[in-house]
Amino acid sequence: MPELPEVETTCRGIAPLITGKTIAQLVLRTDKLRWPLDQGLCLHLPGQRILSVERRAKYLLLGTAQGSLILHLGMSGSLRVVPAETTENKHDHVDLIFTGGECLRFTDPRKFGALLWTEEDPLLHPLLAQLGPEPLAEEFNGRYLYQASRGRKIAVKPFVMDQKLVVGVGNIYASEALFAAGIDPRLAAGRIGRRRYQRLAEEIKRVLGLAIAAGGTTISDFFQSDGKPGYFKQQLQVYGRAGEPCPHCQSQIKSLRLGQRSTYYCSRCQR
DNA sequence: ACGCTCTCCTGGCCGC
DNA sequence: TGCGGCCAGGAGAGCG
């Protein structure tokens, strides 16, 4: 997926194009994404005006006076604003058509995304209520990581990917931040000290910030809301680079699986 | 509570 | 060129 930088890029891309627009029609071309789609969406949405477009973790929240649309891009989802008459492609599952003729189109080959309607505060929705702090917020820092990790035996990489700990750090940026911080991704979270967590928190913020500035990372499926790819791929130091020389020490970048996910690291720079 | 695995889905790529 | 196997940015569910 779309990790945090990709969702942020999408949020910034669509917000100015759809804020204030009134929904005329919702078109669903599949009956389920990650979960069965609530057909009530088609009843609730027409006539609503988009008052806000926000991101929380990897969720996009479209606020209206009556409730909120909660969107998740899953592993392969993307959103674009196109003219409503634009011919749909195979994986264009949802269209939110506005009265002015614009269309917010959700595309997701793997159908791991989500689309939910809630009339409560979306931040209190069961999917969002348990989420950890935003990584770019001040409350996310080395002290927080250190305290949260005491007694934890889980490897540090899956640890920082746990959305209950901190949101938005996915598989790509977890490898990148650990490389930048010089921490072996296999280390038990509970055995890493304050200073190293201080560094890791800084690197997570730095890497995510750079990726947002580059419009995210496009491996294959992700595109910005204007259809362009994200350009951060060129700046990836280790992700997807097994066998290539480490940009710092030239030794071969290694890969392994941790918690079912591909992990890339330099065994010389990361201890 | 914690740590681990499996699972949803489609497509691209690799090797035979 | 076709086919099987494996892999892919997420994360909830269920297990011990």
Side-chain angles (χ1 to χ4, degrees), chain A residues 1-10 29-37 55-60 70-79 89-94 106-116 125-132 135 147-178 185-191 204 207-208 211-212 214-224 229-236 238-243 255-264:
Chain A
M1 152 185 287
E3 300 183 34
L4 185 143
E6 293 73 43
V7 181
E8 180 65 23
T9 295
T10 300
R29 296 191 195 84
T30 180
D31 55 0
K32 80 184 275 276
L33 292 169
R34 172 158 195 160
W35 296 289
L37 285 171
R55 177 190 63 74
R56 166 68 175 122
K58 299 174 194 169
Y59 292 91
L60 284 166
I70 302 175
L71 254 159
H72 195 293
L73 302 179
M75 293 251 272
S76 58
S78 59
L79 285 169
N89 292 310
K90 188 172 178 189
H91 303 297
D92 295 341
H93 303 304
V94 181
F106 177 69
T107 305
D108 184 10
R110 291 173 71 183
K111 291 181 153 186
F112 285 175
L115 185 68
L116 304 157
H125 188 280
L127 287 174
L128 283 82
Q130 306 301 317
L131 294 171
Q147 285 169 359
S149 61
R150 292 311 86 189
R152 299 291 302 272
K153 293 185 165 64
I154 190 173
V156 64
K157 178 173 174 265
F159 175 68
V160 299
M161 289 176 64
D162 180 351
Q163 305 296 300
K164 290 195 262 314
L165 175 81
V166 57
V167 302
V169 183
N171 201 38
I172 295 178
Y173 301 114
S175 276
E176 291 296 307
L178 285 163
R186 299 166 295 184
L187 276 187
R191 302 194 55 182
I204 287 172
V207 170
L208 292 177
I212 290 170
T217 300
T218 294
I219 300 293
S220 61
D221 291 317
F222 175 75
F223 293 93
Q224 301 187 54
Y231 298 107
F232 194 68
K233 185 169 194 271
Q234 296 137 331
Q235 294 178 58
L236 296 176
V238 290
Y239 184 87
R241 297 190 184 277
S255 70
L256 55 81
R257 291 185 80 74
L258 269 183
Q260 315 291 102
R261 310 302 296 278
S262 296
T263 302
Y264 299 87

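Letters A, B, ... mirror the listed sequences (proteins, then strands); counts begin at 1.
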Show me the side-chain donor-acceptor pairs of residues 159-168 of chain A shorter than 3.5 Å, one per line, residues at least two apart or across chains.
residue, atom, partner, partner atom, Å
Asp162(A), OD1, Lys164(A), N, 2.9
Gln163(A), OE1, Gly168(A), N, 2.8
Gln163(A), NE2, Met161(A), O, 3.0

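Between the C1' atom of dG3(B) and the CE atom of Met161(A) lies a distance of 15 Å, rounded to the nearest Å. Taking atom CG of residue Leu258(A) and atom P of nucleotide dC4(B), one finds them 9 Å apart after rounding to whole Å. One atom, NZ of Lys111(A), and another, P of dA11(C), lie 20 Å apart when rounded to the nearest Å. Rounded to whole angstrom, the span from the CG atom of Leu131(A) across to the P atom of dA11(C) amounts to 9 Å. Between Gln130(A) atom CD and dA11(C) atom P there is a gap of 15 Å when expressed in whole angstrom units. Residue Leu33(A) contributes atom CG, which lies 14 Å from atom C1' of dG10(C) at whole-angstrom precision. Note: CG (Asn171(A)) to P (dC7(C)) measures 13 Å, nearest angstrom. The separation between Asp162(A) atom CG and dA1(B) atom P is 13 Å, rounded to whole Å.
Phosphate contact (OP1/OP2 of dC9(B), side-chain N/O of Lys32(A), threshold under 4.0 Å): present. Contact check, His91(A) against dT10(B): no side-chain N or O comes under 4.0 Å of OP1 or OP2. Taking 4.0 angstrom as the limit, Arg152(A) places a side-chain polar atom (N or O) nearer than this to OP1 or OP2 of dG3(B). Note on Lys58(A): a side-chain N or O is less than 4.0 Å away from OP1 or OP2 of dA11(C). Under 4.0 angstrom from either OP1 or OP2 of dA1(B) there lies no side-chain N or O belonging to Lys164(A).
Using a 5.5 Å limit on the distance between ring centres and a 30° limit on the angle between planes, the aromatic ring of Phe112(A) counts as stacked on the six-membered base ring of dG10(C).
Contacts of Leu127(A) with the nucleic acid, taken as non-hydrogen atoms under 4.0 Å apart, involve only primed sugar atoms and P, OP1 or OP2. Counting any heavy atom pair closer than 4.0 Å across all strands shown, Tyr239(A) reaches sugar-phosphate atoms only and no base atom. Among the atoms of the strands shown, base atoms are found under 4.0 Å from some heavy atom of Arg261(A).
One finds the CE atom of Met75(A) at 10.5 Å from the CD atom of Glu3(A) (value rounded to the nearest 0.5 Å).
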Just to be sure I follow the notation: if a pair is Watson-Crick (purine N1 to pyrimidine N3 plus N6-O4 or O6-N4) or a G-U wobble (N1-O2 and O6-N3), each under 3.5 Å, what dot-bracket string does DNA chain C give, with | for pairs to another strand? .|||||||.|||||||

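More than 12 heavy atoms of other shown residues, nucleotides or ligands fall within 6.0 angstrom of atom CZ in Arg29(A).
The nearest heavy atom of DNA chain B to Lys90(A) and to Arg34(A) marks one nucleotide each, and the one closer to the 5' end goes with Arg34(A).
Nearest to the side-chain atoms of Gln260(A) among the listed nucleotides dC6(B), dA11(C), dG10(C) stands dC6(B).
Closest of all the heavy-atom pairs between Leu131(A) and Ala57(A) is CD1-CB, 3.6 Å.
For the residue pair Tyr239(A) and Thr217(A), no side-chain donor N or O sits within less than 3.5 Å of a side-chain acceptor on the partner. Of the N and O atoms on the side chains of Lys157(A) and Thr263(A), at least one donor lies less than 3.5 Å from an acceptor on the other residue.
Each of Leu4(A), Ile204(A), Leu178(A) was compared with Val169(A) under the side chain to side chain contact (heavy atoms under 4.5 Å, CB included) criterion, and only Ile204(A) meets it.
For Arg56(A), the side-chain hydrogen bond (donor to acceptor under 3.5 Å, both in side chains) test picks out Glu134(A), with sequence neighbours left out.
Straight-line distance between the P atoms of dA13(C) and dC9(B): roughly 16 Å, to the nearest whole Å.
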